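Accompanying notes for the structure given below.
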There are 4 protein chains.
Amino acid sequence: MLMRARTFTESGRRAQIVRAAIEVIADVGYAKASFSRIAKQAGLSSTGMISYHFAGKDDLLAACVAEIEEVTGAFMQPRIDAAEGHVAQLRAYVEANVAMVGEHPAAVRALIDIVKNSAGQSVAVNGRLAVFEEHFRAGQAAGAFHSFDTRTVAIALTAGLDAVVVTAAAAAPGPTELSRLGRELADLYVRATAADPKEGSA
Amino acid sequence: MLMRARTFTESGRRAQIVRAAIEVIADVGYAKASFSRIAKQAGLSSTGMISYHFAGKDDLLAACVAEIEEVTGAFMQPRIDAAEGHVAQLRAYVEANVAMVGEHPAAVRALIDIVKNSAGQSVAVNGRLAVFEEHFRAGQAAGAFHSFDTRTVAIALTAGLDAVVVTAAAAAPGPTELSRLGRELADLYVRATAADPKEGSA
Amino acid sequence: MLMRARTFTESGRRAQIVRAAIEVIADVGYAKASFSRIAKQAGLSSTGMISYHFAGKDDLLAACVAEIEEVTGAFMQPRIDAAEGHVAQLRAYVEANVAMVGEHPAAVRALIDIVKNSAGQSVAVNGRLAVFEEHFRAGQAAGAFHSFDTRTVAIALTAGLDAVVVTAAAAAPGPTELSRLGRELADLYVRATAADPKEGSA
Amino acid sequence: MLMRARTFTESGRRAQIVRAAIEVIADVGYAKASFSRIAKQAGLSSTGMISYHFAGKDDLLAACVAEIEEVTGAFMQPRIDAAEGHVAQLRAYVEANVAMVGEHPAAVRALIDIVKNSAGQSVAVNGRLAVFEEHFRAGQAAGAFHSFDTRTVAIALTAGLDAVVVTAAAAAPGPTELSRLGRELADLYVRATAADPKEGSA
DNA sequence: AATGAATGAGTATTCATTCAT
DNA sequence: AATGAATGAATACTCATTCAT
């Protein structure tokens, strides 16, 4: 092997633990995702190894969120960027998010569970909310969206999206079913927000 | 003797424990709502008493949900019944639900937390979902609602409603702010679902 | 059994745990006195029982100190009170403290170890130091003691006393040897502090 | 090649680790001086290095004691040797020991903490005790000291000295305050032990 | 000679549940 | 019907030590 970075093993273990943690959270939920379970999932003989690699549970969780966001960002961002106009981008976001269930089901479920349970503290939650709000505000200014309270709508729509995604992930549907689900939800959201709903049609 | 139905709060102690549990869950969240805390809140000196009255944590939780639904149902049902037409009833439901934050803040927060953490198992969730679905189906047949996948929309809208309610409960807003919030969200949902959005306006 | 207080069992357990803790601390030292060891010594099957009866390690430790001080106070106070004059009381204190090794060897060793390791935080340490300082100050005013820095001397003499006591406790000497030791040390301290050393002779 | 004695700090690494350990013990105390902390202080990336160089924690501790004694011996010995007569040498020892707080505060605090926690096992303690005893015995034979139990007095005085030193080290006093403290304590000890206290006055 | 990953027992504390009284 | 003591497993986290590289 050529010039492998020396931190390979270390970062390999970290990645392995993060992956295991994501799977466990997706499986049993944030609340029951103990170091024990994660260690077992990762094939480690003790929880000490996790503490060795991560400063604490928060640190591990943060690493999970970062990993998931990287993965999901790589999947979603191109699809969102490909859309033009505020309404079309909203649609693209929703469809990409639902489509992700087919690609990274564990990551999707885990992220939503983490976000749900760390409530206000998480950067991720507030981050996404803020992005939605800002998108709505800009779209309203451009006349693409109705006039509505951006914060309330952002909260309602992101939560609804998460719920649909989580339900879908549990059912493990095929890709066609998933894209139908995505379109269905996107239609709903466009009707709810677009000044002229026809603008955002696929 | 006529079989008088034994309500879920068959004895005074049970009711007392259930009420304490709801308060604790509302206060510290489902995850940290231990028997210890609940016993303390209920003025009991031992957790054994809880185990004595309830088969387990799940049993207690179920009793909490039942109690909360009774309370909230009593508040919401009249308002929903007062509305005429499918769209108007959807609006009434949403507004009543948001308004409830001002009336029974602990019950509202506790219920959502329980539902969130017991995920798919809960009867309550599925019950409400089924009601929404059925309402949408009937409304579609009557031409009041758009054509859409009732299940997906039910999931998205109930989750969004919960999120708004929970956010509102955390902020402890005044009654006028609450009714504004309710109208805002109801508007959104009517736009999203009504065949002719104007039909459901207040 | 007649009218036993209802808290008997509970307080009995507490006392039992405190006694076990004192023995363990005397045996293996403060640092290694874990809940595990204490539970084993107390014949408890788990450490949970200790946490059940005490708010934490500090609480248990405080209870130990209180228990020890009660025991030792009961032993020493009469002997100190029986002495007249500042110098004689110093002598009485020293001799009583050394004599206690024969009566409550574990308590003595445990107390010193706790005091040593909780350093500045402990009320007990500073309390005894303050008592010594005040005794010296009063004695100086009365012309019984030399002129010296009361704080420094208090620190040196209490530490020396503790060291002698601990050493003696480890050797498990007989009562005559103990009283010889006490006299020896009292002589030293009287010579070191008394304006006229002869005043304090037994 | 001539057998050049391998000092206890045989290699640079060993010395580096010992120095780090002393600093850590002085900083956080014996109880919390873990290999982790020491490795970090020494700039080592792993605790394995410490285990590699030392047979165990005891071994490392022994090396620390040896190192400290070398350092402190170099400071104190000339001052002691400069004094003439048994009483004067006792005074010189006490004053030099207290003065050392200003010169090697870390070494002083670390040594006392190690000695305190390794109790009777330590060679160092017993070594110093033996030196004191022997000094007292010789002084008694020469008529310089009172007649007293040399062992008991040695224990009491060394412990008292340590306590004063440790208290002083915590307060970080200036040099004049330190020398006052040293004189104060030396006075006390001379009064306690000298056949004719005036003999040993500075 | 040195590294850093791995181990496994250790820490205090909390938990739901059981049981004799 | 109720108490409160007891249990034993679970929690995250730290420790000194070992070992292959």
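Each chain gets a letter, A, B and so on, in the order the sequences are listed, and its residues count up from 1. Just so it is clear, the structure is predicted and the values come from calculations on it, not from any experiment.
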Taking only residues at least two apart or on different chains, which pairs with a member in residues 17-33 of chain B satisfy side-chain hydrogen bond (donor to acceptor under 3.5 Å, both in side chains)? B:Glu23-B:Gln41
Between B:Gly56 and A:Gly43, whichever has its closest DNA chain E nucleotide further toward 5' is A:Gly43
Would you say D:His53 reaches E:dA1's phosphate, i.e. side-chain N/O to OP1/OP2 under 4.0 Å? no
Side-chain contact test, heavy atoms from C-beta onward, threshold under 4.5 Å: evaluate it for C:Glu67 versus C:Cys64 and give yes or no. no
For residues A:Asp162 and A:Val166, determine if any side-chain heavy atom of one lies less than 4.5 Å from a side-chain heavy atom of the other. no
Would you write the dot-bracket representation of DNA chain F, where each base gets (, ), [, ], | or . depending on whether it forms a Watson-Crick or G-U pair under 3.5 Å and with which partner? .||||||||||||||||||||
Separation of E:dA12 C1' from C:Lys40 NZ (nearest whole Å): 16 Å
What N/O pairs connect the protein and nucleotides 19-21 of chain E at under 3.5 Å? Give each pair on its own line.
none

CD of B:Gln16 versus C1' of F:dA2: gap in Å, rounded? 12 Å
Have a look at A:Ser45 and say if it touches a base, only the backbone sugar-phosphate, or nothing, with a 4.0 Å heavy-atom cut-off. sugar-phosphate
Do you know which two heavy atoms are closest between D:Ala63 and D:Val18, and how far apart they sit? CB-CG2, 3.8 Å
Please list, chain by chain and in numerical order, all residues satisfying side chain to side chain contact (heavy atoms under 4.5 Å, CB included) with D:Ala26, sequence neighbours excluded. D:Ala106, D:Arg109, D:Ala110
With a 4.5 Å limit on heavy-atom distance, are the side chains of D:Phe54 and D:Leu61 in contact? no
If you pin A:Ala55 and C:Leu44 to their nearest nucleotides in DNA chain F, which one's is more 5'? C:Leu44
Please evaluate the base of F:dC13 for a donor-acceptor partner in the side chain of A:Thr47 within a cut-off of under 3.5 Å? yes
Can you measure B:Arg37 atom CZ to E:dA16 atom P for me and round it to whole angstrom units? 10 Å
To the nearest angstrom, how far is A:Asp59 atom CG from F:dA12 atom P? 14 Å
OP1 or OP2 of F:dA2 sitting under 4.0 Å from any side-chain N/O of B:Tyr52? no
State, to 0.1 Å, how close D:Ile38 and D:Ala20 come at their nearest heavy-atom pair, and which atoms those are. O-CB, 3.8 Å
Side chains of D:Val108 and D:Ile68: does their closest heavy-atom pair fall under 4.5 Å? no
Do the side chains of B:Lys57 and B:Phe35 get nearer than 4.5 Å, heavy atoms only? yes
Expected list for residues 17-36 of chain A near DNA chain E, using heavy atoms below 4.0 Å, is none
Taking every non-hydrogen atom, the tightest pair across C:His53 and C:Arg13: NE2-CB, 3.5 Å
Solution key, residues 44-51 of chain C side-chain donor-acceptor pairs under 3.5 Å, sequence neighbours excluded:
from	atom 1	to	atom 2	distance (Å)
C:Ser46	OG	C:Gly48	N	3.2

Categorize A:Ser46 for me: base, sugar-phosphate, or nothing, with a 4.0 angstrom heavy-atom threshold over every strand shown. base
Rounded distance (Å) that lies between atom P of E:dT17 and atom CE of B:Met49: 14 Å
Atom of D:Ala42, atom of D:Gln16 and distance for their closest heavy-atom approach: O-NE2, 2.6 Å
Any A:Arg13 side-chain N or O less than 4.0 Å from OP1/OP2 of E:dA6: yes
Tell me the interatomic distance from B:Lys57, atom NZ, to F:dA10, atom C1', rounded to whole angstroms. 13 Å
Would you mind reading off the distance between A:Ile38 atom CD1 and F:dA10 atom P, rounded to a whole angstrom? 16 Å
